[in-house]
Amino acid sequence: MESMEIDRGKAPSTEEEKKEGKAIVLVLVGLPGSGKSTFCDEVVKVYRRRPWVRVCQDTINKGKAGTKIQCLSAATNALKEGKNVIIDRCNINREQRADFLKLGSAQTEIHAVVLNLPTKLCISRSVERTEHEGNLYGVKAAAVVNQMLPKKELPKLSEGFNRITFCENETDVKEAIYLYASLGPLDSLPSGRFGHNKTDTTIQLGIMKFLKKKASDIIVEKVEEFVSRIGRARLILVDLSRESKILSLVKAKAAHRNIGRNKFFTFVGDITQLHSQGGLYCNVIANAANWRLKPGGGGVNAAIFKAAGPELEMATNESADCLRPGKSVVVPLPSSSSLFAKEGVTHVIHVLGPNMNPQRPDCLKDDYVQGSKILREAYSSLFEGFVSILESQGIVTPAKDDQKAKREGAHVSDSNKKQKGSEQSLKHGVKHWATWFQALYNVAMDPAKDENIVLEKTDDVVVINDAFPKAQKHFLVIARLDGLDSLADVCKEHVTLLKTMHDVGLKWVEKSLDENKSLTFRLGYHSVPSMKQLHLHVISQDFDSNHLKHKKHWNSFNTRFFLDSVNVIKELEDTGSVTLITDDFRSMELRCNRCRSAHPNLPRLKSHVRSCKAPFPADLLQNGRLFTSEGNA
DNA sequence: GTTCTAGAAC
DNA sequence: GTTCTAGAAC
């Protein structure tokens, strides 16, 4: 959950950018031995792009140590001459820095660079150095550093700094040197905090750790509360990382509470590619938004806005300007959005959790009670939004008790993503891809409607000819079980169904072989199908069809992306789930399914396949994956 | 999923 | 010049 400070490092606003030509007083903050003098040397001596004056307390008194007053006066004079100033002294606490902040004005910005390197390193450096302007070296240095430590207080923007850069290691220091050294006379730097603040980060992680544990409780609690109100729709908790603590906590707790996998489950993957990469069909996704409802930041919010394109931004603007912590807003996604077109997402619900980030207004600091309360409200609001979508589409009927959580609080984005997938939430003539991907499902749910294309119908399956057959014979055996979108949904309890599908498929193989003994069949599933509802491909291996036009057509039936029905059933029996192959085979080579020779393009491959008489490869023949008139090959 | 098409590859 | 593909649009 690293996206706490999602606005950190963002581009300055246009007003900020106009602060051209302002002088800078750069207050260095660091222990003896942290590298302040080196920093000054690098910035002052090497580049000279912007005129800098180093004000060093150790040498200000005719080469000897002076006073803070002398430093202030030297700095004031330098500013009068149009120079920029680096204050080279420890400036270890607020009190020591305060007077230098008074140098700030409309023409002068006060910056801090914190050389927050490990204390051990500072001590060993200052002890080991043999000369120092302030004569601070040897054992004395160690004592001084140790004396200083308890007084150490990291600078805050609230002290009056326009910008603070934290450096935790040598790399950070080098970057900061480069930043200031390459600054031209008219350049300016964005305001705010930059780099890590180790101390605060530690506290932050503590809060996050607590919140994750707490959040998982709240998520499960809210899922349990809402699961009865979402009809045949489902809730899915998605996180990018397999190591996600919150995901595993929620998973365990949901299982413990007996929340069915058909209603709620967790999923590791990219929420912006649930369909194309994950094989899931989710019409509604939740976005951990920022309070301005703007794209950008770091984590999920940026990713979702990027994937959805400007359409989401525009649609969001029409719905709301900003969001209070604990609140959400439902935004219908225009069909022109690529997230809609590619992934079938029809709605994004922006939701804002509690803000535990001290850098932001409304921060709850360590008020876990209030934080938990707002997190609860956020999930309530999110799920209410989801239910309202389902209601508007007639998937569920409005409930009598309209319980709504409405309270105020603070904000921040929480990088785990709550995301909901619902079946058939496709409404008002939503066309194109969305109708395509729904078509098989519609046949499965209501075969009577498509009587003319249904070859066979049982309680479990429907058989049709593929609308765009990729071979002489190409059937689809579609499961009729609602909610079984694809192999990704299949688990042990579906073994019987898959066997039934296989047997029905074989029946149509036999029927076809009666008509044409020369055919060879293969039965299998696409790892990530483009159409919803689990369907078994029963396809003859000639691939003689005008509909086979693209590389992906060929490769979807002739690479490991195509999972043989027999193997799927075996793996399901052995392990309880099916391993899906999400290879991107658009650029994969094209190989003959018989002799395995490679071909440069599809037309050449097709022409080769038409005449290739080589026997099928051994692995296909040996494992009972091919079916011919001779029986199981 | 298909269709259309610009431009890359030949 | 034609063929082929990838990607956008539907």
Side-chain angles (χ1 to χ4, degrees), chain A residues 272-283 306-312 314-315 332-346 423-424 426-445 450 453-454 462-471 474-479 485-488 524-539 543 545-559 561-562 580 582-592 598-610:
Chain A
T272 65
Q273 298 184 69
L274 284 176
H275 173 255
S276 58
Q277 294 294 313
L280 288 176
Y281 303 93
C282 292
N283 306 121
K306 190 174 171 222
E311 287 86 354
L312 177 60
M314 278 161 22
L333 199 58
S335 59
S336 51
S337 163
S338 55
L339 200 53
F340 187 115
K342 288 181 188 153
E343 308 295 330
V345 174
T346 61
E423 333 304 293
Q424 54 285 119
L426 299 159
K427 56 169 183 179
H428 55 244
V430 158
K431 287 170 222 150
H432 322 316
W433 184 82
T435 28
W436 265 112
F437 109 101
Q438 183 92 327
L440 294 184
Y441 174 82
N442 291 339
V443 175
M445 291 304 116
D450 297 288
I453 66 159
V454 171
V462 168
V463 183
I464 62 169
N465 276 313
D466 192 294
F468 300 91
K470 302 298 186 288
H474 186 180
F475 306 103
L476 300 180
V477 181
I478 312 166
D485 290 344
S486 75
L487 278 188
Y525 299 86
H526 284 156
S527 281
V528 183
S530 313
M531 297 175 82
K532 177 167 140 169
Q533 197 63 11
L534 183 70
H535 53 281
L536 172 70
H537 288 273
V538 178
I539 185 165
F543 294 103
S545 163
N546 290 331
H547 294 293
L548 200 149
K549 293 173 178 171
H550 304 293
K551 262 185 173 175
K552 67 172 177 180
H553 291 148
W554 176 264
N555 282 333
S556 73
F557 290 103
N558 290 288
T559 65
F561 181 85
F562 188 82
L580 304 178
T582 55
D583 296 356
D584 180 8
F585 43 67
R586 279 171 298 191
S587 53
M588 217 180 254
E589 60 182 3
L590 296 166
R591 283 190 179 272
C592 171
H599 298 267
N601 56 51
L602 199 68
R604 297 268 285 275
L605 173 81
K606 285 183 79 171
S607 115
H608 164 84
V609 168
R610 265 193 291 276

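A note on names: the letters A, B, ... follow the listed sequences, proteins ahead of strands, and every chain is numbered from 1.
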Residues in side chain to side chain contact (heavy atoms under 4.5 Å, CB included) with [X], at least two apart?
{"X": "A:Ser486", "value": "A:Tyr281, A:Ala488, A:Pro529"}
{"X": "A:His550", "value": "A:Lys552, A:His553"}
{"X": "A:Val528", "value": "A:Phe561, A:Thr582"}

>> Can you measure A:Leu476 atom CG to B:dG1 atom P for me and round it to whole angstrom units?
In response: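 Between P of B:dG1 and CG of A:Leu476: 11 Å.
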
> Nearest-Å distance, NE2 (A:His535) to P (B:dG1)?
Replying inline: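 In whole Å, B:dG1 P and A:His535 NE2 are 8 Å from each other.
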
Show the distances under 3.5 angstrom between N or O atoms of the protein and N or O atoms of nucleotides 2-4 of chain B.
unit_1: B:dT2; atom_1: OP1; unit_2: A:Lys470; atom_2: NZ; d: 2.9
unit_1: B:dT2; atom_1: OP2; unit_2: A:His553; atom_2: NE2; d: 2.9
unit_1: B:dT3; atom_1: OP2; unit_2: A:Lys549; atom_2: NZ; d: 3.0

>> Distance check, rounded to the nearest 0.5 Å: A:Leu476 atom CG versus A:Met531 atom CE?
In response: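 Spacing of CG (A:Leu476) from CE (A:Met531) equals 8.0 Å.
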
With [X] via ring pair (Phe, Tyr, Trp, His ring centres under 6.0 Å) - residues at least two apart:
{"X": "A:His535", "value": "A:His537"}
{"X": "A:His608", "value": "A:His599"}
{"X": "A:Phe562", "value": "A:Phe557"}
{"X": "A:Phe475", "value": "A:Trp508"}

Anything under 3.5 Å between a protein N or O and an N or O of nucleotides 5-10 of chain B, put it in a table, one pair a line.
none

>> What contact category does A:Pro603 fall into here, base, sugar-phosphate, or nothing, at under 4.0 angstrom with non-hydrogen atoms?
In response: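 Counting heavy atoms under 4.0 Å across all strands, the contact made by A:Pro603 is with sugar-phosphate only.
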
